[in-house]
Amino acid sequence: MNKTVLNNYTTLAQRSQLRLDEKNGIIYGQRSGFPVLVYAADARYPYLLTVSLSAARVGGALDKDAWKAFSKEHKPVQNVKNEGNIVAMHLAANNNVDKLCENFNQSLDALIGFLMANGYTKVCQFCGQEIDTEPYYVGSSLMHLCPSCAARVSQDMQLSSQKQKEKKENVAAGIVGALVGSLIGVLCIVLVGQLGYVAAVSGLVMAICTLKGYELLGGKISVKGIVISAVLMVVMTFVGDQIDWAIVIMRELGYDLMYSFRLIPLLLADGSIVASSYWGNLALVYIFAVIGAVPCAMSMIRGQKEKSRMFKIGTM
């Protein structure tokens, strides 16, 4: 979080009588008795805020039409969703701190008034009891939990983490999954290439599908799995690019596919295929494969660690 965003979040928290967890960029606290969590769902858009309250009513949630009507009455509100014991309000972005604070406070007060008028009360998100809660970061989710549910969730996560650690990585199955995923990448390279576009985006598809394929069938992914997947990406990206060129040759010269494959180095050698175009396109696909693979691999490793991560907001 950059300094400007941090300062604006600090101002928003102060003017809303809430608190800011600076490390995690989350605003939290109580408003009119309701537990409130405020966060940006996507860190790239820090002013697209989601306001989460843990609330429920006897008789179940209001229907979608009621929430649509509420959103229409309040301009800064994009939409409101009530799923389970969570009411999540999504606000329109505004990077002017004064307007941000004004829109936020007006919208939050309106939402709480609407909830109270329709019989909603504060509850624990997990058990649904009308009880005081604390905000927690659980895995990759934010939750409003009462003390007993927090203890139960923590215990469940520890058991799940232990099982995950004991779970062995099935390398053979992972290789099969990565191979299947890489074939999707090959298909993308060929299809996009035949449409006449530079198939750079196919590199992203190749990276993501190969890594996800390994994780899906291998059960988990380690550094070993990432290395294996990377080797497959290199090989299959080249295969996909070769198929793309072979189809072009087959279409232009009328040969069958296998013979067209064998003609590629010969046509490169005599200049019929422009070398800069051939190698440039291949390099671009590889570059985008790396661009897709690095954050994807980091996200997968981080995701495995976050599955067992739980802490109270404001304590870490």
Side-chain angles (χ1 to χ4, degrees), residues 12-13 16-21 23-41 49-71 73-74 77-91 104-164 303 306-316:
L12 177 60
S16 307
Q17 297 182 321
L18 300 170
R19 288 175 285 176
L20 172 65
D21 180 336
K23 184 176 180 180
N24 298 289
I26 298 166
I27 297 170
Y28 66 101
Q30 299 278 330
R31 187 72 164 254
S32 300
F34 285 88
V36 178
L37 279 165
V38 186
Y39 59 94
L49 296 175
T50 296
V51 184
S52 168
L53 293 86
S54 186
R57 69 194 283 266
V58 176
L62 292 172
D63 60 31
K64 292 181 179 179
D65 290 337
W67 294 115
K68 285 181 180 179
F70 174 84
S71 299
E73 290 175 10
H74 301 87
V77 180
Q78 290 186 325
N79 62 73
V80 182
K81 294 182 180 179
N82 185 187
E83 297 177 350
N85 295 322
I86 288 295
V87 177
M89 176 172 64
H90 304 278
L91 299 177
F104 174 82
N105 283 300
Q106 288 180 355
S107 300
L108 181 55
D109 286 340
L111 177 61
I112 290 174
F114 183 79
L115 291 174
M116 295 174 70
N118 284 279
Y120 278 82
T121 58
K122 67 176 182 181
V123 296
C124 169
Q125 180 178 343
F126 197 78
C127 67
Q129 293 186 53
E130 188 176 341
I131 189 172
D132 288 337
T133 62
E134 294 283 357
Y136 283 88
Y137 190 95
V138 182
S140 57
S141 302
L142 294 169
M143 299 186 73
H144 306 270
L145 300 174
C146 68
S148 60
C149 286
R152 187 187 315 167
V153 171
S154 178
Q155 184 178 30
D156 289 345
M157 289 188 71
Q158 289 175 11
L159 290 173
S160 177
S161 176
Q162 187 61 36
K163 288 181 180 179
Q164 182 66 20
E306 285 187 347
K307 286 180 181 178
S308 59
R309 190 178 180 218
M310 176 178 175
F311 60 87
K312 187 185 294 185
I313 300 299
T315 61
M316 287 186 67

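Keep in mind that the numbers below use all heavy atoms, side chains included, and drop hydrogens, waters and symmetry copies.
Side chains of Thr133 and Phe126 form no contact here, defined as non-hydrogen atoms less than 4.5 Å apart. Annotation: side chain of Phe104 is in contact with side chain of Val38 (closest heavy-atom distance under 4.5 Å). Taking the side chain as every heavy atom from C-beta outward, Pro35 and Gln30 approach each other to under 4.5 Å. No side-chain heavy atom of Tyr39 sits less than 4.5 Å from a side-chain heavy atom of Ile313. Using a 4.5 Å heavy-atom cutoff, the side chains of Trp67 and Leu62 are in contact. Side-chain contact between Leu145 and Lys312: absent, with no pair of heavy atoms (C-beta onward) separated by less than 4.5 Å. Side-chain contact between Ile86 and Met143 is absent, with no heavy atoms from C-beta onward closer than 4.5 Å. Looking at heavy atoms from C-beta onward, Gln129 lies out of side-chain contact with Cys146 at the 4.5 angstrom threshold.
Atoms SG and CD, on Cys149 and Gln125 in that order, are 10.0 Å from each other to the nearest 0.5 Å. For the atom pair NE2 (His90) and CG (Leu49), the distance works out to 11.0 Å, reported to the nearest 0.5 Å. Rounded to the nearest 0.5 Å, atoms CG (Asn105) and OG (Ser16) are 4.0 Å apart. If you take OG on Ser54 and CG on Leu142, they are separated by 12.5 Å, rounding to the nearest 0.5 Å. For the atom pair Leu18 CG and Leu108 CG, the distance stands at 7.0 Å (nearest 0.5 Å). Ser141 contributes atom OG, which lies 11.5 Å from atom CE of Met310 (distance to the nearest 0.5 angstrom).
Heavy atoms only, all atoms of each residue included: Val123 and Gly128 are closest at CG1-O, 3.5 Å. Contact record, Leu115 with Ala55: CD1-CB, 4.4 Å, taken as the closest heavy-atom pair. For the pair Asp21 and Gly314, the tightest heavy-atom approach, listed with the atom from each and the gap, is OD2-N, 2.9 Å. Across every non-hydrogen atom of Leu20 and Gly25, the tightest pair is CD1-C, 4.3 Å.
Evaluated for a side chain to side chain contact (heavy atoms under 4.5 Å, CB included) with Val36, the options Val51, Ile27, Leu111 yield exactly one hit, Val51.
Using cut-offs of 30° and 60° on the angle between ring planes, the pair Tyr137 and Phe311 is parallel.
For residues 116-125, the pairs satisfying salt bridge (charged side-chain N to carboxylate O under 4.0 Å, His left out) are Lys122-Asp132, with sequence neighbours left out. Sorted by first then second residue, the side-chain hydrogen bond (donor to acceptor under 3.5 Å, both in side chains) pairs that include residues 80-89, not counting sequence neighbours, are Asn82-Tyr120.
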